[in-house]
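The chains referred to below are lettered A, B, ... by the order of the sequence lines, with proteins before strands, and numbering in each begins at 1.
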2 protein chains.
Amino acid sequence: MSAQRTTPLMRPARPLRPGVPEATVARLPIYLRALMSMAEVGVETVSSEDLATAAGVGSAKLRKDLSHLGSYGTRGVGYEVDYLVYQISRELGLTQDWRVAIVGVGNLGNALANYGGFASRGFTVVALLDADESLVGTSVAGVRVRHLADLEQVVVAEQVTIAVVATPAEAAQQVCDRMVTAGVTSVLNFAPCVLDVPVGVMVRKVDLSTELQILAFHEQRRLAGVVSPDPVLAPTATEAVRRVR
Amino acid sequence: MSAQRTTPLMRPARPLRPGVPEATVARLPIYLRALMSMAEVGVETVSSEDLATAAGVGSAKLRKDLSHLGSYGTRGVGYEVDYLVYQISRELGLTQDWRVAIVGVGNLGNALANYGGFASRGFTVVALLDADESLVGTSVAGVRVRHLADLEQVVVAEQVTIAVVATPAEAAQQVCDRMVTAGVTSVLNFAPCVLDVPVGVMVRKVDLSTELQILAFHEQRRLAGVVSPDPVLAPTATEAVRRVR
DNA sequence: CTCTGTGAATATATTCACAGCC
DNA sequence: GGCTGTGAATATATTCACAGAG
């Protein structure tokens with residue numbers, strides 16, 4: 001591998017960010033939820049201070065985050081709730097509908113399929129898939145369970161864009177491979193394993209075990225007389241893991 | 001804070017504790033899982049390159065991460081799998097057992113209770129709680145379901161340290177409050193809401209809706225002809241949210 | 001020679017603090 | 001006066017690239 005020498009002078013570093021920082025993107029859904037519950041109880045305007053509190057972040061961070069989307073607030077007043085809901089929704093791509101398939105209809109798959117805030121915002125579960133013959137044909141959350149063998153066919157017919165993998169770890173990679181081959185470009189993985197995908201496909205991982213272990217780490221610190229690290233805060237979290245082959 | 005100086009001669013190499021970075025802590029569970037499956041198939045030694053691939057990260061990042069725990073590798077060779085498993089486990093606090101209570105025994109609670117990799121590593125589900133009378137007394141994953149009313153009593157009797165909240169959002173804050181009052185210091189929240197806790201209590205959040213929205217954001221970018229931002233990688237994720245009152 | 005461990009360089013994120021508008 | 005938006009300062013994280021152990 002030709003180790004490219006670091007150019008000492010050239011470094012355009014790119015002009016302006018057309019992009020919203022990842023850390024910000026990860027918080028937008030939280031702001032959105034807070035805003036929506038405010039809207040529900042008739043709040044029309046909110047200050048960065050109040051919204052930040054509702055979202056569990058600092059107000060400076062909130063303002064900086066929102067500033068990446070544009071100038072949607074009014075100085076001296078705050079943010080108009082409905083307007084901000086719209087702007088964040090648009091930024092997150094929730095003004096269009098995303099077609100989701102859930103693979104694995106065990107307890108977890110069931111819980112996910114029945115999750116309320118799901119269909120409500122831009123996401124529609126259009127397919128449920130399972131390898132268990134006895135589940136095939138039954139209806140869960142109003143969606144008929146199809147056999148895993150029909151995966152490709154279902155993905156194409158239902159125009160699935162996002163796959164939720166809720167299978168055992170052993171099956172996850174194969175299911176993911178088939179999903180990707182069939183055209184899925186985003187995967188949310190609940191199986192406790194790393195999924196290998198081609199470049200261009202995005203995987204995010206949700207993992208109970210990982211989260212518990214992170215909690216355990218901090219519990220241990222606490223017990224080990226680490227003089228209560230000021231506020232016991234947990235900044236980062238679940239890393240989206242993706243391997244390129 | 002009298003920073004205790006590391007004894008220079010001690011063998012187990014207490015690796016200087018200016019603290020392990022959060023981003024590193026969040027990845028240790030992934031390394032651990034990869035290492036454990038390697039150990040299972042008899043791998044004795046692994047290079048940073050191979051372990052990094054298995055974990056879906058770059059090898060430089062992996063080495064840097066591990067260097068925060070100490071010098072547990074051998075130059076020119078790699079890492080001894082078993083030894084590294086032990087060191088990471090110890091760092092994460094998995095050498096002791098953590099007693100976990102799950103509140104909410106719906107589909108999700110069931111899925112969590114039945115999750116395998118749970119009891120296997122340092123975590124024991126010692127209590128299940130639900131408000132539904134018809135569930136109380138039944139046994140899930142070998143644990144008897146208790147009534148929510150007995151929460152405080154159960155937490156104390158079972159010495160629960162970590163609470164998993166798998167209730168509807170409406171109930172989550174109240175359940176959390178009671179847990180904290182009863183002595184719980186770590187909470188893993190599956191309910192789609194921000195939990196308010198006192199300083200010193202740690203909350204981590206797992207949220208389907210948030211993850212989907214982040215995926216949608218990137219899907220939208222892709223569709224909007226954003227010239228495939230190099231590798232479509234997803235660096236950060238679910239922020240641990242905590243509000244101080 | 002191979003592969004770890006790590007400073008130095010870079011990139012990202014958070015926080016501060018205040019100018020500027022309402 | 002009150003609040004947003006934002007540069008500048010700081011803190012964290014990632015990546016590079018190579019010295020040095022085995």
Student: Respond yes when some side-chain nitrogen or oxygen of Tyr79(B) is under 4.0 Å from OP1 or OP2 of dG5(C), and no when none is.
Tutor: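 For dG5(C), OP1/OP2 do have a side-chain N/O of Tyr79(B) under 4.0 Å.
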
Student: Rounded to whole angstrom units, what separation is found between the CG atom of Asp65(A) and the P atom of dT14(C)?
Tutor: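 These atoms are roughly 7 Å apart.
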
Student: Can you figure out which of dT4(C), dT15(C), dG5(D) approaches the side chain of Arg63(B) most closely?
Tutor: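 Of the options given, the side chain of Arg63(B) lies nearest dT4(C).
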
Student: Return the nearest nucleotide to the side chain of Ser48(A); candidates are dT14(D), dT4(D), dA8(D).
Tutor: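 Minimum distance to the Ser48(A) side chain belongs to dT4(D).
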
Student: Do the side chains of Arg222(A) and Glu219(A) get nearer than 4.5 Å, heavy atoms only?
Tutor: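 Counting from C-beta outward, Glu219(A) and Arg222(A) do come under 4.5 Å.
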
Student: For DNA chain C, which residues in residues 32-45 of chain A have a heavy atom at a distance below 4.0 Å?
Tutor: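 The answer is none.
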
Student: Check for a donor-acceptor pair, side chain of Ser47(A) on one end and backbone N or O of Asp50(A) on the other, with a separation under 3.5 Å.
Tutor: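 Confirmed, Ser47(A) side chain pairs with Asp50(A) backbone.
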
Student: Between Leu84(A) (CG) and dT4(D) (P), how many Å, whole number?
Tutor: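 Answer to the nearest Å: 11 Å.
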
Student: Could you give the CD-to-P distance, from Glu49(B) to dG5(C), as a whole number of Å?
Tutor: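 Whole-Å distance recorded here is 14 Å.
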
Student: Hey, does Val165(B) have a side-chain heavy atom less than 4.5 Å from the side chain of Phe190(B)?
Tutor: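 No - every pair of side-chain heavy atoms lies 4.5 Å or more apart.
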
Student: Please report, rounded to the nearest Å, how far the P atom of dA8(C) is from the NZ atom of Lys64(B).
Tutor: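 The distance from NZ of Lys64(B) to P of dA8(C) comes to 11 Å, rounded to the nearest Å.
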
Student: Rounded to whole Å, how long is the line connecting atom NZ of Lys61(B) with atom C1' of dA17(D)?
Tutor: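 It is 18 Å, rounded to the nearest whole Å.
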
Student: For residues Trp98(A) and Gln220(B), determine if any side-chain heavy atom of one lies less than 4.5 Å from a side-chain heavy atom of the other.
Tutor: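 Result yes, sub-4.5 Å side-chain heavy-atom pair found.
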
Student: Between Ser37(B) (side chain) and Arg33(B) (backbone), is there a donor-acceptor pair under 3.5 Å?
Tutor: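 Confirmed, Ser37(B) side chain pairs with Arg33(B) backbone.
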
Student: Shorter than 3.5 Å, N or O on both sides, protein versus nucleotides 20-22 of chain D: list them out with atom names.
Tutor:
{"residue": "dG22(D)", "atom": "O4'", "partner": "Arg75(B)", "partner atom": "O", "Å": "3.4"}

Student: Rounding to a whole Å, what distance do you find between Leu62(B):CG and dT4(C):P?
Tutor: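 Roughly 9 Å, once rounded to whole Å.
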
Student: Can any side-chain N or O of Asp207(B) pair as donor or acceptor with the backbone N or O of Glu211(B) at less than 3.5 Å?
Tutor: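 Such a contact is absent between Asp207(B) side chain and Glu211(B) backbone.
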
Student: Please state how far atom CG in Leu69(B) lies from atom P in dT4(C), giving the value in whole angstrom units.
Tutor: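 Value for this atom pair: 15 Å.
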
Student: Just jot down the side-chain hydrogen bond (donor to acceptor under 3.5 Å, both in side chains) partners of Asp65(A), sequence neighbours excluded, or say none.
Tutor: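 Partners of Asp65(A) by the side-chain hydrogen bond (donor to acceptor under 3.5 Å, both in side chains) criterion, ordered by chain and then number, come out as Thr24(A), Arg27(A), Tyr31(A).
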
Student: Figure out the NE2/C1' separation between His68(B) and dT15(D), and round it to whole Å.
Tutor: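 Those two atoms, NE2 and C1', are 13 Å apart.
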
Student: Looking at Gln173(B) and Asp196(B), would you say the former's side chain and the latter's main chain have a donor-acceptor pair under 3.5 Å?
Tutor: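 Indeed, once roles are kept as given, a pair shorter than 3.5 Å links the two residues.
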
